Every structure is written in C-alpha cells, then in structure tokens.
Amino acid sequence: MKLDVTMEHQSAGVINLVVVGVVNIHTSPRLRDALKPLLTEQNKEVHIDLAGVSFMDSSGIATLVEGLQWARQSGGRFVLHKLQAVVLDVFMLAKLDTVFEIAQPLIEDKA
Amino acid sequence: MKLDVTMEHQSAGVINLVVVGVVNIHTSPRLRDALKPLLTEQNKEVHIDLAGVSFMDSSGIATLVEGLQWARQSGGRFVLHKLQAVVLDVFMLAKLDTVFEIAQPLIEDKA
Amino acid sequence: MDCNSDSNNARNKQPLKRNQVDQLNFQLNTQPDCVHILRAMVEVMAARSNLTDMETNRVALAVDELFANITCHGYNNKPGSVTFESHLQHNEDGLQELHFTFRDYAPTVNISHWNCGKSKPCHDLDITPGGLGIRLIHSIMDVVQHEALHDGNQWTLIYVCKHAIKRGRP
Amino acid sequence: MDCNSDSNNARNKQPLKRNQVDQLNFQLNTQPDCVHILRAMVEVMAARSNLTDMETNRVALAVDELFANITCHGYNNKPGSVTFESHLQHNEDGLQELHFTFRDYAPTVNISHWNCGKSKPCHDLDITPGGLGIRLIHSIMDVVQHEALHDGNQWTLIYVCKHAIKRGRP
Ligand SMILES: Nc1ncnc2c1ncn2[C@@H]1O[C@H](COP(=O)(O)OP(=O)(O)O)[C@@H](O)[C@H]1O
Ligand SMILES: Nc1ncnc2c1ncn2[C@@H]1O[C@H](COP(=O)(O)OP(=O)(O)O)[C@@H](O)[C@H]1O
C-alpha cells in the first residue's frame, strides 16, 4: 500500500527522484506531488530511479508523461532508471518504451 | 503470498535455515517440510534466520515449537535469529519470547 | 487515468449511504490462500484508521487466526463458505472501532469451555501450540464475540483504535 | 493451529458446490485504496492458475485499470458500489480461463465509440495519457465485454491461461 518518494540533489540542475513501492490510482498522486515542483526552468535533468517500484499502472505512466512533456518543452532530460521487468513490460505494452529515455543503470552518462 | 526456505550447511552438524516471506496457514507447511528433516540426531544446532519474514501466525510458531522440542530431547540448540519487530511482537504476545532462544545477530557465538 | 477531468456521466444512480463508505464485504471460501486477501483487507482498513505498523500487524494476526480456526476446526480443512465484513465505527465519544465479522456455515460451536487465558502464563513446559490462536486473538482484540446461529456461527472481533485515546478522549 | 487433527465438528452443513470452490466474490466501494485488495485477489487467483510473475502482473494491471475507470469515469471519484467476482473456468478442451467481473451502479456507458486500438501505435507526439487504460486492458485480456444494465454496467475480463496452451491443447 506504500509509496515512498525521496529527492536527491545530484549536482546543480540535476535531480534524482527515488521511488519505492507500488504506483496506482491510490498512490500516484504522491508521485505527482513530488515530481511537479521539479519540472522547472532551473532543472536540466530529472532522473527517476524506479528500482524499488514493483508495480505501475496507467495513472503512474500518465504522471511520468508530464515529465517527458516538460523535457520536450524545456530542452531538459527526463530519464527513467532501473525498471523492474514487470514495470518495463507495462511500458512495452503501452508502446512507450521507445518514447521515454530509459537507462537501466543509474546516471552513468551525466552531461 | 510467497515463502522461500533455503538451507545452508554452516559446519558439521550446524545448519542455517533462511526463511523469506510470510508464514501463515497457507505457507507454513512449506516451512515444516524444510525444517522436519533437519531435526535429527546428526545435527547439533539448527539456526533459523527470520530476517526476511514480515509476518508469522500461530501455524508458523507451532512449526518452530517442534524445533524447540527436538532441541530439548536431543540436547541440541534451536536458535531464532534477526526477527523483525512485528514478528518478535507476536512471540511476546504468545509469551514465547523467553521460551525460545532468540539471538538477533546471526550465529556469532557458535559452539 | 485522467481523474481530474469532469465526466458528464458522473451522476451516481445508487449513492452509498454514509456508513457504507467505510465498509468492505467479502464472500470467500476457507482455502488457506485466502488469508492473503484478508490481510490486504485488514491493511486497507488499518490504514483508514491510521493504525501503526505494529497495530496493523496485530490486527491482521487476530483476523488470520480466526479465519484459520474456521478453516481448520469449523470446516476441517475442506472448502467452506465464509462471509467476511469489516467496517470502521465512529463512536459518539470520538473513539474509532474497527469491526471484523466472520459468518460461517460450519457446525455450531460451544465456546463456553474455551480457555481464553489472557493471563495464562506460558511456562517452560507449556509450549504445545494448541490454544495459542485463541490466546493471541484475545490478547489483541478488545472484544471477541461468538454467536451460535441455527446454521453456523458468527464471530465478531472489535479493535479500539488506541491512538484516538491518546489524542485525548473527552 | 493443529490442522492435522480430526475434529468431531467436521460435518459441513452447507458444502460448496464444486464450481464455487474456485470463486471469490467481493463487495467493495470505489475508494482508490481498494486496488490493494483487488491485487491480492488477482494474485491468489493467478497462483491457483499457475501464472508466471509476468502474467500475474499483467492480469493485475488490467483489473486495476478497469477498477480505476469505474472509480474515475463511472462514479467520478465519488464512493460508489462495485461487486467484483473472479473464478477459474476449466474448459472441456483442457484450457483454463480466469474470469473477472465488475458490476457497477454508475450511469450506463456506451462503449461503441471506444478506440480499443490493439494495433494503434504510440507515435512520438501521441503520448497523452488518455485512452491508455483501455488500450492496456485490451492488449492483456483475451475477452473484454461490457453489458449495459438498466441500473449500471457489467464488465467482464477473460484471460486464457497461456501455459496450458503450451503444454499441448488437443
Ligand atoms: N471455529 C472453530 N470451530 C470449532 N472449534 C474451534 C474453532 N476455533 C477454535 N476451536 C477449538 O478451540 C481450540 C483452540 O484453538 P486455537 O487456540 O486456535 O489452537 P489450535 O487451533 O492450535 O488448536 C481448537 O483446538 C478447537 O478445538
Ligand atoms: N467505466 C467507465 N465509465 C464511463 N466512461 C469510461 C469508463 N471507462 C472508460 N471510460 C471512457 O473511456 C476513456 C478512456 O479511458 P482510459 O483508456 O482508461 O483513459 P483515461 O482514463 O486516462 O481517460 C475515458 O476518458 C472515459 O471517457
């Protein structure tokens, strides 16, 4: 039933958001509340660490799509990291695995 | 829904049983099946690592009581290790926390 | 899911009465794997009542033990019908109570001889498992009720949410 | 619990019919936290059907999405009544099917215009979330049925257990 979202400043303009738990209609508002304030002019890269996420439904994906749209508008990067197999599967079913930037190891190619 | 039980031979006559998951009427038969064959003349110590157990009900405790009875009859040791707070709480509610040998760090005082 | 948008088919033809909102109702059978669903139900009700993790685990344990007894002793490990209901009751004095009711169709039980022994100590030699389930249920729940029906049993467990007491009961 | 002992109150006055044994029935309301209970139910039914972890997750996703739609679009995020039923059907040809049925009392829906687009590709510019839930449900389930009732809707999802096919269907 739990979703924990922790923000880590990586360096100037680079943010890591570590998400742990299940993302569904019950919990996704918490992810949205944590993500929204990060989608600003100041930030250049937002990295989402999904290693601890065991389930995600379309309400979670919709939340992440907002990050993608921010990246396109601002010229920033929005990267998903370390998806569990069942979560990656949902992105593939949604045909969004090629739309998102998905990097399985965490922030190795920082700009 | 899952319970994984893994046996590790520590040294001659000393066995570690690593239990991960929830122990209830659905899963405790699996724990019993793994534990029973270890309660023999040959073994001197059986250590149960419960660090990965997030829930235990009386069917699980009843299974562990069999180990305790074996220890008393055979003069061996039957030790529970690294109980999570909620599981230790159940042993306390059952007033069995002083009846079992409970060692929170794993096998440090091997005979 | 864009749950923020207004839907024009939003009129709810069968609105729930206020007291139905916090109520869950579940028709299950006494197969051991159903304890997982019961646990999820208890977790949801416990979260709605703001119970701590420790309290949630205890309440889940008591519900688990009662279900196990019905499965094992009531239906002798054969699949049987059980209805499970749970609701959160807000009392006038500000206290919250979590109610859990099981209804079974097993032979009626006479519980008068049960040793519910809240105070029964567990001596060194008294480590047989029998009776532990009932003792755990009684040590956790504030009320444990049994009613013999003509075609089965009704079991009610009530947990008084302690944090509400701490926050100051009038 | 000593579940091995014979109990003398073992006669079950209301034995279940064979087809009731694998059936779960759940009266819930459309509060978002109920998805946790639905997931537990799907996990139990999936384990009974020997689904893999990946299949279990997909089936749980489809059930989650349908419940979210009823909550969000059917009842407009207000608490409403939903009955959820699940059973495992053993067909004569040796195939197993997992059936999930939701019954709601929300305004009846006309789904004829829905783009269920199994084949609809998600282009670069087409990343709005709307319609994703329905697409996911259709991409996972073998049968998606909707029936408009006079006082609500009935939704049926059927998942054909693929491993049974692999093991050789006559
Ligand atoms: N639902 C029930 N129907 C019939 N008898 C029951 C039921 N629950 C408990 N009992 C009786 O109470 C006894 C004690 O139960 P419990 O404390 O759970 O221990 P155990 O199940 O290990 O025997 C049981 O052995 C049984 O005789
Ligand atoms: N249970 C329902 N009742 C009424 N309308 C629904 C229902 N489910 C889906 N819809 C309609 O279908 C559309 C697509 O649903 P979906 O694919 O889940 O995407 P989203 O919920 O993000 O809009 C919804 O926007 C809604 O108009």
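To find a chain, count down the sequence lines: A is the first, B the second, and so on, and within it residues start at 1. Every value quoted in this text rests on a predicted model; they were computed, and no experiment measured them.
- When only modelled atom types and interatomic distance are considered, C:Ser81 and C:Gln27 share a side-chain donor-acceptor pair under 3.5 Å.
- Interface residue B:Val90: backbone and side-chain heavy atoms are both found under 4.5 Å from chain C.
- B:Ser59 and B:Ser28 share a donor-acceptor pair across their side chains, judged by distance under 3.5 Å alone.
- Residue C:Leu136 touches chain B through its side chain alone, counting heavy-atom pairs closer than 4.5 Å.
- Looking at residues two or more places apart in sequence or on another chain, you find no ring-ring contact (aromatic ring centres under 6.0 Å, His included) involving C:Tyr159.
- Under the side-chain hydrogen bond (donor to acceptor under 3.5 Å, both in side chains) criterion, B:Arg30 pairs with no residue, sequence neighbours left out.
- For a residue to count as touching a neighbouring chain, one of its non-hydrogen atoms must lie under 4.5 Å from one of that chain's; by this rule B:Ser54 touches chain C with the backbone only.
- Of the atoms belonging to C:Asn57, heavy atoms from both backbone and side chain fall under 4.5 Å from chain B.
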